[in-house]
Participant: 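Encoded as structure tokens, here's the structure I'll be asking about.
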Protein chains: 2
Amino acid sequence: MSTSSDDLRSIALAEFATAGYSATSLHRIADLAGLSKSSVLYHYSSKETLLEATIAPALDRMEQILDALEARTLSPEGRTAFLAEFVDFILQYRLEVNMFINQGPSLVDVPVIDRANDLVVRLSEYFAANTGSVEEKMRFGIALGGAAYMLCRADSLNFESAPIEQTRVALVNILTELLAPVDPITTNRI
Amino acid sequence: MSTSSDDLRSIALAEFATAGYSATSLHRIADLAGLSKSSVLYHYSSKETLLEATIAPALDRMEQILDALEARTLSPEGRTAFLAEFVDFILQYRLEVNMFINQGPSLVDVPVIDRANDLVVRLSEYFAANTGSVEEKMRFGIALGGAAYMLCRADSLNFESAPIEQTRVALVNILTELLAPVDPITTNRI
DNA sequence: TGCCAAACTGACCGATCGGTCAGATGCTGT
DNA sequence: ACAGCATCTGACCGATCGGTCAGTTTGGCA
């Protein structure tokens with residue numbers, strides 16, 4: 001795998017995540033890479049293949065996390081440990097996550113997107129497993145979609161660039177607060 | 001304004017919000033409305049005009065809310081009252097909000113989208129006015145992007161349809177918790 | 001009935017889309 | 001020097017895009 005392939009992958013990722021998959025032409029990706037459209041199609045046989053190469057690593061990592069998660073017991077400690085792991089994941093792959101979170105519904109019938117949607121459903125089912133509460137499910141949706149949105153639009157919302165460790169700690173705080181398990185007796189948050 | 005115009009507006013809204021603006025062709029909108037593409041362009045002189053008609057009502061309402069908000073004092077009570085108002089707004093216009101939240105960056109140079117982005121910045125500046133805290137800004141981004149995402153993807157995340165009033169109360173709870181002002185002395189959340 | 005404007009349509013336009021292909025260019029090992 | 005493979009390119013293709021236009025259908029009103 002040469003430098004061009006990796007360049008194309010990261011360029012495509014940035015464009016797909018910000019401008020959207022269908023709004024990004026192969027011509028534009030080629031221009032940004034300093035190549036011709038034909039060269040892009042030499043490295044990736046189709047636009048869809050390029051999309052797949054773009055988000056597959058994130059999906060692999062997320063699948064790995066989910067597999068480990070479902071093998072554990074559903075203890076509150078397990079949840080806390082998972083949250084730290086998940087925050088690291090979403091920080092590392094924020095562009096990819098924002099992509100298949102927000103563009104997932106518009107890219108049905110693309111196999112790699114179907115896979116992404118399946119993973120999101122698996123994750124939501126984990127959080128909804130013990131609670132039938134509507135608010136609990138809403139909290140999960142807000143946490144997932146909100147984190148993906150915030151991390152990608154941070155600069156356009158007048159965030160000064162904060163050190164990554166501060167962002168990580170703050171995000172763990174917020175998601176822990178949002179997703180803390182409900183006390184089933186009093187139905188108050190513990 | 002005839003029935004066809006309103007039909008086209010609501011059809012376009014649903015398609016733009018779910019499939020994305022650039023991924024939705026005038027031909028598809030015409031098909032869904034049972035009309036020809038030429039008829040769509042008879043009611044709305046361009047695709048961009050149709051987009052404008054689609055989200056302008058939501059922008060008018062949001063601008064109205066922001067004007068009233070900035071005229072008030074920045075008291076915690078003002079914040080609470082605003083949150084209830086804002087939740088009603090986002091529930092009524094969830095498709096429109098999800099559109100210019102998630103597709104805003106990909107539709108620059110479209111005047112109506114620029115207006116939407118300006119409004120989002122105004123809102124974020126209100127919440128960031130008293131706190132330079134990075135976590136506070138992150139909380140705002142998560143609340144805004146998360147609520148928009150959750151309300152539009154509820155069905156795909158195995159939400160059973162809940163009564164609207166329950167959703168409203170739960171959303172006010174969650175956003176209040178997320179956006180509660182920080183105690184400036186201890187920098188703990190009150 | 002006749003008339004007129006609103007509503008609607010199909011044919012057509014230039015531009016751009018993703019994708020194919022034959023060939024040019026460069027780089028490496030022999 | 002030559003062979004061979006990876007890389008890259010421009011010309012070209014059919015399909016679809018947003019948009020224009022001349023003309024037809026429709027419905028209400030005099």
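The chains referred to below are lettered A, B, ... by the order of the sequence lines, with proteins before strands, and numbering in each begins at 1. In what follows, every heavy atom counts, from backbone to side chain, and hydrogens, waters and symmetry copies are set aside. The shown structure was predicted, so the numbers you read here are calculated from the model rather than taken from an experiment.
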Participant: From B:L8 CG over to B:I29 CD1, what is the distance, rounded to the nearest 0.5 angstrom?
Facilitator: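 Those atoms lie 7.5 Å apart.
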Participant: Whole Å only: how far is the CG atom of A:D31 from the P atom of C:dT16?
Facilitator: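 For the pair A:D31 CG and C:dT16 P, the rounded distance is 12 Å.
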Participant: From the set C:dG18, C:dA7, D:dC8, return the single nucleotide nearest to any side-chain atom of A:K47.
Facilitator: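 The closest nucleotide is C:dG18.
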Participant: Hey, does A:T49 reach any base, or is it just sugar-phosphate, or nothing, if we go heavy atoms under 4.0 Å?
Facilitator: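 It contacts nothing in the nucleic acid.
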Participant: Can you find a side chain N or O atom of A:S4 that sits less than 4.0 Å from OP1 or OP2 on D:dC8?
Facilitator: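 Yes, such a contact exists.
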Participant: Rounded to whole Å, how long is the line connecting atom OH of B:Y42 with atom P of C:dG10?
Facilitator: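 These atoms are roughly 17 Å apart.
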Participant: Could you check which of D:dG10, D:dT7, C:dC8 has an atom nearest any side-chain atom of A:H43?
Facilitator: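 The listed nucleotide nearest to A:H43's side chain is D:dT7.
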Participant: Please state whether the base of C:dG18 and the side chain of A:K37 form at least one donor-acceptor pair under 3.5 Å?
Facilitator: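 A donor-acceptor contact between them is present.
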Participant: With respect to B:E48, which candidate in B:V110, B:I113, B:V112 satisfies the side-chain contact (heavy atoms from CB on, under 4.5 Å) definition?
Facilitator: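 Testing each of B:V110, B:I113, B:V112 against B:E48, the sole residue satisfying side-chain contact (heavy atoms from CB on, under 4.5 Å) is B:V110.
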Participant: Specify the separation, in whole Å, of atom CG of B:L35 and atom P of C:dG10.
Facilitator: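 Answer to the nearest Å: 11 Å.
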Participant: Starting at the 5' end of DNA chain D and moving along, which residue's nearest nucleotide shows up first, B:S25 or A:S38?
Facilitator: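 The residue closer to the strand's 5' end, by nearest nucleotide, is A:S38.
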Participant: Under the 3.5 angstrom rule, does the side chain of A:Y44 hit a backbone N or O of A:S5 as a donor-acceptor pair?
Facilitator: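 A pair under 3.5 Å: yes.
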Participant: Calculate the interatomic distance between A:L26 atom CG and D:dT9 atom P; express it in whole Å.
Facilitator: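 Between P of D:dT9 and CG of A:L26: 14 Å.
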Participant: Just compare C:dA6, D:dT9, C:dT9 and give me whichever is closest to any side-chain atom of A:S39.
Facilitator: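 Of C:dA6, D:dT9, C:dT9, D:dT9 is nearest to the side chain of A:S39.
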Participant: Tell me whether A:V87 shares a hydrophobic cluster with A:F89, the cluster being built from Ile, Leu, Val, Met, Phe, Trp, Tyr side chains joined at under 4.5 Å.
Facilitator: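 Linked, A:V87 and A:F89 end up in one cluster.
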Participant: Round to the nearest Å and state the distance from A:H27 atom NE2 to D:dA11 atom C1'.
Facilitator: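 Taking NE2 of A:H27 and C1' of D:dA11, I get 15 Å after rounding.
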Participant: Report the distance from atom CD1 of A:I29 to atom P of C:dT16, rounded to the nearest whole Å.
Facilitator: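 Spelled out: CD1 on A:I29 to P on C:dT16 is 17 Å.
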Participant: Write down the distance between CD (B:E48) and C1' (D:dC17), rounded to a whole number of angstrom.
Facilitator: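 Distance, rounded to whole Å: 15 Å.
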Participant: Does the A:S39 side chain pair with the main chain of A:L35, one donor and one acceptor, at a distance under 3.5 Å?
Facilitator: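 Looks like no, no N/O pair under 3.5 Å.
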Participant: Could you check whether A:S22 gets within reach of a base, just the sugar-phosphate, or nothing at all, counting any heavy atom under 4.0 Å?
Facilitator: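 No contact.
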Participant: What's the CG-P distance between A:L41 and D:dC13, to the nearest Å?
Facilitator: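 Going from CG in A:L41 over to P in D:dC13 covers 18 Å.
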